[in-house]
Engineer: 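The structure is given below, and queries will be raised subsequently.
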Amino acid sequence: MISEEHLKVGLDKIPFPFDQKGEGLLQSGCIESLKIEDSKIICILLVPVLKEEDQKKIETFIEDVKRYLKIQVPTHEIFVITTNERSSALSPTLPLKPWGIRNIRHIIAVASGKGGVGKSTVALNLAVGLKNLGLKVGILDADVYGPSLPHLFNVHEKPMMFEGKKFKPILKEGLALMSMGFLMDTEAPLIWRGPMVQGVITQLLTDVDWGDLDVLVVDLPPGTGDVQLTLAQKVSLSGAVIVSTPQDIALIDARKAIGMFEKLEVPLLGVVENMSLFICPNCHYETSIFSHGGARKEAEKRGLPFLGEIELSLKLREASDLGLPLDQKEGIATSFLKIAQKVKDQLDAFTV
Ligand SMILES: Nc1ncnc2c1ncn2[C@@H]1O[C@H](COP(=O)(O)OP(=O)(O)O)[C@@H](O)[C@H]1O
Ligand SMILES: [Mg+2]
């Protein structure tokens, strides 16, 4: 098996386009790190703050790096990440809470204990609901392990980074969107180490020119890991929305997520029960495929607001898979709007 050192030396044959002396990648010091992990190669390159006209240059350069690594290790998936700061500078040096982000009134997190319960689906449709209530809304897909925003919005363009170090979010359906998935070329989940996650989340929050937003909805990865901690410690969250299916197994994990936010002193805006009922589109017979009412009971037991139920819906699943917005005339869109209203009411009370 080829070694990391061997790859670095090989990469030196590629000239670093931003080096005045025309030196290769290794000599110019632009390789921040290169790691071979399981079936992946993760290469982090230090690049200068780019001017708009440099965008093409960097894209070609990244392609060259990827091509070289792929030829050397065809069995592995290649991830090339660029950064403007050395990792020491990425470590948490920012002041702890309260630390809002200029121009964003509220940051809310959408969380779940388990994956696959519809957290991203709820985050997106909650954001659409808030927008339909007249708010300016952004979505940050903080699921750095399995970003889904590019797929849910069918976005394949890359956000541009301009002078002043800021990415422009992608604008779609009247929402400002940012996801690590826009910056990576692959749909494969990425394995980050803790400190890398902290750096990435901080960058996604602060190095994006979000503009003026009333609410930034953050779609968290499932569980209670580094992303949740970084977010809760670094920014002043207005609150968290917990998504669960009614099943016992999902509720056990949802409880853990609730416990974590309580410990981190993040207000809980309430619980959404997703996939709570299936209404047959043909005969209208109601079936509780994943049981029913469990999340509502859990919310009541904990003294948390119950925000609403979202049925298991073919229309919703189809819209998500196609990356299309949900038809706002559908009944399920109204359910999301009601949830959005309950969230908005709490945020309004918070502001006063
Ligand atoms: N209420 C629902 N009805 C039908 N399909 C749903 C519903 N909620 C989520 N899904 C589908 O379930 C899958 C997982 O949802 P997703 O939002 O990606 O979950 P998570 O973010 O929790 O991993 C997706 O294919 C999504 O379209
Ligand atoms: Mg998700």
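Note that these values count all heavy atoms, side chains included, but never hydrogens, waters or copies made by symmetry. Both ligands and their constituent atoms are indexed starting at 1 by order of listing. For the single chain, residues carry numbers from 1 onward in sequence order.
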Engineer: Identify whether the distance between the nearest side-chain nitrogen and carboxylate oxygen of Asp12 and Lys8 falls below 4.0 Å.
Structural biologist: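 Judged by the 4.0 Å cut-off on N to carboxylate O distance, Asp12 and Lys8 do not form a salt bridge.
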
Engineer: Which of these, Asp219, Asp253, Asp141, sits in a salt bridge (Lys or Arg N to Asp or Glu O under 4.0 Å) with Lys119?
Structural biologist: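 Checked Asp219, Asp253, Asp141 against Lys119; only one passes salt bridge (Lys or Arg N to Asp or Glu O under 4.0 Å): Asp219.
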
Engineer: Using a strict 4.0 Å threshold on nitrogen-to-oxygen distance, state whether Glu298 and Lys301 make a salt bridge.
Structural biologist: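 Lys301 and Glu298: salt-bridged.
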
Engineer: Could you say whether the N/O atoms of Ser313 and ligand 1 ever approach to under 3.5 Å?
Structural biologist: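 The answer is yes, given that Ser313 and ligand 1 share an N or O pair closer than 3.5 Å.
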
Engineer: Check if Ser112 has a non-hydrogen atom at a distance under 4.0 Å from any atom of ligand 1.
Structural biologist: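 Checking ligand 1 against Ser112, which is what was asked, there is no heavy-atom contact under 4.0 Å.
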
Engineer: Closest heavy-atom contact between Leu237 and Pro267?
Structural biologist: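 Smallest interatomic distance, heavy atoms only, reads O-CD, 3.9 Å.
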
Engineer: Within a distance of under 4.0 Å, is there any protein heavy atom near atom 13 (C) of ligand 1?
Structural biologist: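 Within 4.0 Å: no protein heavy atom nearby.
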
Engineer: Does atom NZ of Lys315 have more than 12 heavy-atom neighbours, drawn from other residues, nucleotides or ligands, at distances under 6.0 Å?
Structural biologist: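 No, the 6.0 Å shell around NZ holds no more than 12 heavy atoms from other groups.
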
Engineer: If we count only non-hydrogen protein atoms and require a distance under 4.0 Å, does atom 24 (C) of ligand 1 qualify as touching the protein?
Structural biologist: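 Under 4.0 Å from atom 24 (C) of ligand 1, zero protein heavy atoms found.
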
Engineer: Just distances here: any N/O of Gly118 and N/O of ligand 1 closer than 3.5 Å?
Structural biologist: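 For ligand 1, there is an N or O atom that lies under 3.5 Å from one belonging to Gly118.
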
Engineer: Has ligand 1 got any nitrogen or oxygen that is less than 3.5 angstrom from a nitrogen or oxygen of Ser120?
Structural biologist: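 Ser120 vs ligand 1: N/O contact under 3.5 Å present.
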
Engineer: Looking at Arg302 and Glu262, is any side-chain nitrogen of the basic one under 4.0 Å from a carboxylate oxygen of the acidic one?
Structural biologist: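 So Glu262 pairs with Arg302 through a salt bridge.
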
Engineer: Is the Mg ion (ligand 2) under 2.8 Å from any N, O or S atom of Ser148?
Structural biologist: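 Here the distance criterion (N, O or S atom, under 2.8 Å) is not met by Ser148, so no.
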
